[in-house]
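Input: a single structure, listed below in structure tokens.
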Amino acid sequence: MAVDLHLHSVASDGTEAPAAVVARAVRAGLTAIALTDHDTLDGIPAAMDAASSLGIRLISGTELSVEWPTGTMHLLVYHLAPEPGPLQDRLGGLRDGRHVRNRRILQALSAAGIDIPYEEVVAEALGGAVGRPHIAARLVARGHVAEIAEAFDRYLARGRPAYVDRIRLDAFEAVELARESGALPVVAHPHTLGVSRTEYATAFTRLAEHGLVGIEAWYSEYEPDVRRHLAHLADRLGLVATGGSDYHGRYKPGIEIGRGRGDLDVPDSAAADLDAALGV
């Protein structure tokens, strides 16, 4: 059996309710999943209720975008409880930073001749935290681009006309806060570190010294040889090899829960190894 430890719902930038995400995972035959919405745990209670009723294990989590010397890194934090704690208490500030950035993005688009009311973007988010995918979806809906990916390529990605940076935690601080909160930090899709494959080991070793637990090796966008390389590297460094689809619903077309783009198969051992790291 397989697991999927990287899923998003409408609580951040997915397009389906937490309970619907859980139901999809059940239909996919998975044994365990993790809901990892960006900078929030708001979807966890509903997902937990659905998982309990449908007979699948749910791991509470979030995904952070953090600062790294060579670029932005994403950090998945597993077994983070939706209650007060060192990291949990910082999530509100991170969401506020997104709010400020979103308005600046819309201002940049307006300067480029594209006016999108903020209220329209909020409605697109269906009550969840607003992010760039929601702005991208409105660019598609208004006919400025043909698809989400084009919206990022032309306007919203780093280096494009409407890209705006935002406040982030430092990577080492985020790892330490996660551990202080009783949670397990894992580097998501490591290509975002902006280093070569030969430099991964040095980066992971430095992070492990601050409490890093694992590496997301089994990922939708990676070729099989890259997945195997990262899994072997994690094993060599004494880290957990995790994995997931990075499912966002229609905001990332072609990616399915548990299968990624069709060939993803994250082993049960990923969840079991996280349990071992947690001391379960």
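Since the model is a prediction, treat every value here as computed from it, not as a measurement. Excluded from the calculations below are hydrogen atoms, water molecules and symmetry mates; all remaining heavy atoms, backbone and side chain alike, are included.
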Parallel, tilted or perpendicular, judged at 30° and 60°: which one describes the rings of His38 and His74?
perpendicular
Hey, are Asp13 and His248 close enough side-chain-wise for a donor-acceptor pair under 3.5 Å?
yes
For residues Ala151 and Ala136, report the shortest heavy-atom separation together with the two atoms involved.
CB-CB, 3.6 Å
Which of Thr15, Val21, Leu126 passes side chain to side chain contact (heavy atoms under 4.5 Å, CB included) with Ser9? Answer is Val21
Which heavy-atom pair separates Pro190 from Tyr200 by the least distance, and what is that distance?
O-CE2, 3.7 Å
Heavy-atom neighbours of Glu223 CD exceed 12 at 6.0 Å
no
Any heavy-atom pair between the side chains of His189 and Glu221 that's under 4.5 Å?
no
Other members of the hydrophobic cluster containing Ile148, with the 4.5 Å side-chain heavy-atom rule, please.
Ile105, Leu106, Leu109, Ile114, Ile116, Tyr118, Val121, Val122, Val130, Ile135, Leu139, Val140, Val145, Phe152, Tyr155, Leu156, Val164, Tyr251
Answer with yes or no whether the hydrophobic clustering places Leu230 together with Leu237; edges join I, L, V, M, F, W, Y residues whose side-chain heavy atoms lie under 4.5 Å apart.
yes
Which atoms form the tightest heavy-atom contact between Leu274 and Leu184, and what is the distance?
O-CD1, 3.3 Å
Would you sort out whether Leu35 and Ile44 count as a side-chain contact (heavy atoms from CB on, under 4.5 Å), showing the intermediate values?
CA-CA 7 Å; Leu35 186 65; Ile44 297 299; 3.9 Å; yes
Val77 reachable from Phe172 in the ILVMFWY side-chain graph, under 4.5 Å edges
yes
Can you confirm whether more than 12 heavy atoms, excluding those of Leu54, are under 6.0 Å from its CG atom?
yes
Using every non-hydrogen atom in the two residues, find where Arg261 and Pro253 come nearest and quote the distance to one decimal.
NH1-O, 3.3 Å
So, Asp115 and Ser110: side-chain donor and acceptor under 3.5 Å apart, yes or no?
yes
Contact between Trp68 and Leu75 at the side-chain level, heavy atoms closer than 4.5 Å - yes or no?
no
Does Thr62 reach the side chain of Tyr78, with side-chain heavy atoms less than 4.5 Å apart?
no
Pairing donors with acceptors under 3.5 angstrom, does anything connect the side chains of Arg259 and Ser220?
no
Heavy-atom side-chain proximity of Leu91 to Leu64 below 4.5 angstrom:
yes
Within 6.0 Å of CZ in Arg142, more than 12 heavy atoms from elsewhere
yes
Starting from Ile167, can I reach Val66 by hopping between I/L/V/M/F/W/Y residues whose side chains sit under 4.5 Å apart?
no
Tell me the closest heavy-atom pair linking Ala271 and Val3, and the distance in Å.
CB-CG1, 4.4 Å
Within the 3.5 Å criterion, strictly below it, is a donor on His6 or Glu63 matched to an acceptor on the partner's side chain?
yes
Using a distance-only test with no angle check, is there a side-chain donor-acceptor pair under 3.5 angstrom linking Tyr247 and Arg24?
yes
Going by side-chain hydrogen bond (donor to acceptor under 3.5 Å, both in side chains), name the residues that satisfy it together with Asp39, two or more places apart in sequence or in a different chain.
Arg98
Any idea which heavy atoms bring Ala51 and Leu58 closest together, and the distance?
CB-CB, 3.8 Å
Indicate yes or no: at least one non-hydrogen side-chain atom of Asp225 is less than 4.5 angstrom from one of Arg228.
yes
Determine, stepwise, if the pair Leu169 / Glu67 fulfils side-chain contact (heavy atoms from CB on, under 4.5 Å).
CA-CA 6 Å; Leu169 294 173; Glu67 291 295 339; over 6 Å; no
Between Leu76 and Leu5, is any pair of side-chain heavy atoms under 4.5 Å apart?
no
Single hit among Glu256, Glu16, Glu124, Glu147 for salt bridge (charged side-chain N to carboxylate O under 4.0 Å, His left out) with Arg250:
Glu124
Would you check, one step at a time, whether the test salt bridge (charged side-chain N to carboxylate O under 4.0 Å, His left out) holds for Arg166 with Asp96?
CA-CA 10 Å; Arg166 65 181 179 87; Asp96 289 344; over 6 Å; no
Is Arg90 paired with Glu173 through a side-chain N to carboxylate O contact shorter than 4.0 Å?
yes
Consider only side-chain N and O atoms of Tyr219 and Asp246, and report whether a donor and an acceptor are under 3.5 Å apart.
yes
Ile255-Ile33 co-clustered via ILVMFWY side chain contacts under 4.5 Å
no
Does Asp263 form a salt bridge (charged side-chain N to carboxylate O under 4.0 Å, His left out) with Arg227? I'd like the steps, not just the answer.
CA-CA 11 Å; Asp263 66 343; Arg227 296 171 187 169; 3.2 Å; yes
Min side-chain heavy-atom separation Arg179-Val213 under 4.5 Å:
yes
